[in-house]
Structures are given as C-alpha cells and as structure tokens.
There are 2 protein chains.
Amino acid sequence: MSKKKKDYRIPQETIRRLGLYLRSLRKLQQQNFTVVSSSQITSHLNITSDQFRKDLSYFGSLGKRGVGYSVDKLIKHLERVLGVDAECKIIVVGVGKLGSALLAYPGFQNFNFRIVAAFDNDIGKIGRVWEGVKIENILNMEEVVRSLGVKLAILTVPADAAQQVAEKLVACGVRGILNFAPTNLNLPRGIYVLNVDMATELMFLTYFSRKNLAG
Amino acid sequence: MSKKKKDYRIPQETIRRLGLYLRSLRKLQQQNFTVVSSSQITSHLNITSDQFRKDLSYFGSLGKRGVGYSVDKLIKHLERVLGVDAECKIIVVGVGKLGSALLAYPGFQNFNFRIVAAFDNDIGKIGRVWEGVKIENILNMEEVVRSLGVKLAILTVPADAAQQVAEKLVACGVRGILNFAPTNLNLPRGIYVLNVDMATELMFLTYFSRKNLAG
DNA sequence: TGATGTGAATAACTTCACAGCG
DNA sequence: CGCTGTGAAGTTATTCACATCA
C-alpha cells in the first residue's frame, strides 16, 4: 500500500496528455499564476477538466479541494513523472533539410531537452557547426552516443537507410526514437519508436476535411 | 441497404491506418506484386492482418477469399476512400526553417499532394521561389487560397501567431490544418486540426524509454 | 461552497474465432 | 483448402456522477 496505488494500467493517452498539461502550466506560470484549477489548466487545450483530474489521479495528485493546484509543484510533479526533470540529451541523425530545421527548433529547450550532437554521412557537412551543434561523422556515432549516455534520438535519414541506422542506434544504447522516416522500424521489444509520418497525417486530415461537404 | 453497410461508426484509428496500408501497397506494387494477402500488406507494419481486414470491412472490401487483394484495385479503393485519388492542393504558411524543410519534403508527391503556394510575412522571402514554390505575401493569402480552392494547410508559423493565422485560413475556405505550432487552435466545428507537437512527443518517448531501466 | 479525486457506467477500439466463399 | 470478412468477446479509454474535504 505504498503511494503508487494502481499503476497497473495507465492509459498511454494519459501520458501523452501530461506533456500538454506541462505546456499549459508553463504558460500560466509565466502569467504569474501560482494556484490554478483544473479548468484553467485545460481551458486552452481541447481536453475536459474531468479528463485532466482523471489523468492526474493515476499518479497520486496534489490538488487542494475547493482551491486548485500549486503551479510550481504540479510542474515539478509532472516533470518527474515524465522523466524530464533533469536535462535530457538527444541527438539528431541525418542532417538534411528536416534534420537541420529540427536542430534549430526552439521548442525543445523549454522542456529540458538538449540536442548534444548531430550525425550525417555527408563529408561536406561533417565538422561544421549548425545552430550550435557540431555535425559528426555517422561512423563515430557509437563512440559519441555511448560516452554521452544518450538515450533518445531523432531520426531524419532517408527511408531506405532508416532501419539500418535505427539498429545501430539501439546497439549504442538508445532506447527511444522519434522517427521521421516514412518507414516502419523493426526493433527489439523495450525500444520505443514514435513515428511522425507527415504524408499519412495529411491523408488522415484529407478524409475528415472532405466529410460533410454539403454542410 | 445500399453498399455502405455501416459507416455509423468507423474508428478514427482505422482512417489513420489506411494511409499506412496505402504506403505498403505502393511498395508491393513497385516490387511487381499484382495480388497480395492481408499478411503481406501488414508484414512491414506493426499491424496484424486481422486488424487490416477489419479496417477494410468498414468500406466494403474487394478481396477474393483464398486468394487475396488486387494491388492496383485496392490502391485505387483506398485512395478514393481517403480522398486522395485526385491531386490535393496544400499550402505552407510560415516559411521558416521548418516550413522550408517541408516545402522540400519528397514524401507528399507520392500521395497526390502538391504544395501550390507558400506564405510568409518576411519581405526578404516574399517573391522568392523555394523548391519550385513561390513565397507569397501572407496578406494575399485569401485571394490565392480562394482562387486555387485550397482546402488543406500546413501551419508552421510561431506559436503566438498561430491562432490568428489559422482563423484567417478558415475564413479562406481551408478545412484541415496540419499544425506544427506548439499551441492549441480554437476553431469552429467542422474544421479539422492535427497537431504535430514535437516536444510533447519527445516527453512521451522519454516516459516509456525510462521504464524497465532495471532490465 | 467550490474545488478535487475516483468508482461506475459508457464508449471506442482491438482481438478472437469462425463462418463464408473462391 | 486458404484467405477473406465479420459478429462477438475482450480490452482500453473516456465520461459521468458524486463522495470528499479544505
């Protein structure tokens, strides 16, 4: 009967939403709120306050009934749950147009992510520094990733190289991959892959955006 | 009792997977397969063949029992269901680093998407042609979008401009938005928004990639 | 009173098991 | 006989309703 009451089944979607709550809380924090209600937190998100409280309940919550939540405490709590309370090193593999755009993406820093290295196989790019990140030879990936203890990678190589590079990443100790290559990665259990497949997303959108055209 | 047997409830996830099936079928088509089984189609995806057949069943399927599916026919069928059987015009709004990377993204063309225009408010960019797409003044967006009849937009403007720009897009007739700005868009019912929030996705990954660290 | 926290009810989605048919 | 197609069963996730407590 420890404080972890029933972690036996936490919905995946709950985990995904925690990041959104964190973003909302940061915004409220900047606006100098110190205590907020569940409705305030979810008011800018397309999420009900019921859903928010339910999500929080899986982790043992810290609200005060009749009052709300301490912004600072809840941020720390969510950061700890997600594992982003300390700096989180990530690498970018494949410094093409998309990869280099991600090197410059400002949204990572706010959540304790830091891109510590980038890799490519193009001699013309290796050794250069983009957005404060040095582009390394992909042949040196294992050494760099191991020595820095990197656990997360953003994969932006061409589709036909993705599987091979992903396997190498896993061999170096990487445990999570944000995959922008439009191909499915086949990796051992325990390695987490999140596919960001823009063509598929667009098709998904197309389907819905064409419904009810009569209206 | 028409052919649409029970579209009363098609899972959203089914729609999302149709795009993946399409990608798999294209690959098989290139390998000169003309008839394939559900297992072949899903073998490169992390999806069971049961799931595939169930998904297809919502639309009235065209397999032959004991044989499989005609690759060409199934591709046409899925394209029609998704609404990507004819060329689908899209625009990119916000030609920063991410926006210009997406202008060059090769994966759209294979699925009949064509970026017909891009918009920015930076005088230095307006009038230039990147990746074969002319950058237009965002002030002219309404005119261009209306005259071309564009229904889909990729939004890559800064977060604090996103809501305002999105509203303008809707006013121009856009019905679906692929939103890369890390903010929630509040738009009328009937407008579909798909958020691609990279920091949130990374946090999601972080959570899972830290589980079972003892193993 | 006015918020949180949570079991119970409902809804959405997936898996199973097998009938149907070429 | 093999693979498709689909109800039924099972699982996962969301919503509701309300007890709880400062």
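In what follows, chains are A, B, ... by sequence order, proteins preceding strands, each numbered from 1.
Counting to the nearest Å, the P atom of dA3(C) and the CG atom of Leu62(A) are 18 Å from each other. As rounded to whole Å, 13 Å separates atom P of dG5(D) from atom CG of Asp50(B). What separates CD1 of Ile15(A) from C1' of dA13(D) is a distance of 13 Å, to the nearest Å. Residue Gln12(A) contributes atom CD, which lies 11 Å from atom P of dT14(D) at whole-angstrom precision. Nucleotide dC13(C) holds its P atom 11 Å from the CD1 atom of Ile10(B), rounded to whole Å. Protein atom CG of Asn46(A) is 14 Å distant from nucleotide atom P of dT14(D), rounded to whole Å. When rounded to the nearest whole Å, the span between OH of Tyr69(B) and C1' of dC21(C) equals 13 Å. As a whole-Å value, the separation of Asp55(A) CG from dT4(C) P is 14 Å.
Aromatic pair Tyr69(B)/Phe52(B): centroids less than 6.0 angstrom apart.
Looking at heavy atoms from C-beta onward, Ser24(A) lies out of side-chain contact with Thr42(A) at the 4.5 angstrom threshold. Looking at Lys168(A) and Val93(A), their side chains never come closer than 4.5 Å, going by heavy atoms from C-beta outward.
Put simply, the residue from Arg23(B), Arg26(B), Lys73(B) that forms a salt bridge (charged side-chain N to carboxylate O under 4.0 Å, His left out) with Glu79(B) is Arg26(B).
A salt bridge links Arg16(A) with Glu13(A): the distance from a Lys NZ or Arg NE/NH1/NH2 to an Asp or Glu carboxylate oxygen falls below 4.0 Å.
Among the heavy atoms of the strands, none lies under 4.0 Å from Ser39(B). Residue contacts shown for Arg17(A) are limited to sugar-phosphate atoms, with no base heavy atom under 4.0 Å away.
Here Ser37(B) does not reach the OP1 or OP2 of dC3(D): none of its side-chain N or O atoms lies under 4.0 Å away. Gln51(A) has a side-chain polar atom (N or O) that falls below the 4.0 Å cut-off from OP1 or OP2 of dT15(D). A sub-4.0 Å separation between OP1 or OP2 of dA19(C) and a side-chain N or O of Arg53(B) is absent. Taking side-chain N and O atoms only, Tyr58(A) has no distance below 4.0 Å to OP1 or OP2 of dT14(D).
Of the two residues contacting DNA chain D, namely Lys54(B) and Glu13(A), the nearest-nucleotide position lying further toward the 5' end is that of Lys54(B).
Judged by distance alone with a 3.5 Å cut-off, no donor-acceptor contact links the side chain of Lys64(B) to the base of dG5(D). Looking at Arg65(B), its side chain comes within 3.5 Å of the base of dG20(C) through a donor and an acceptor atom.
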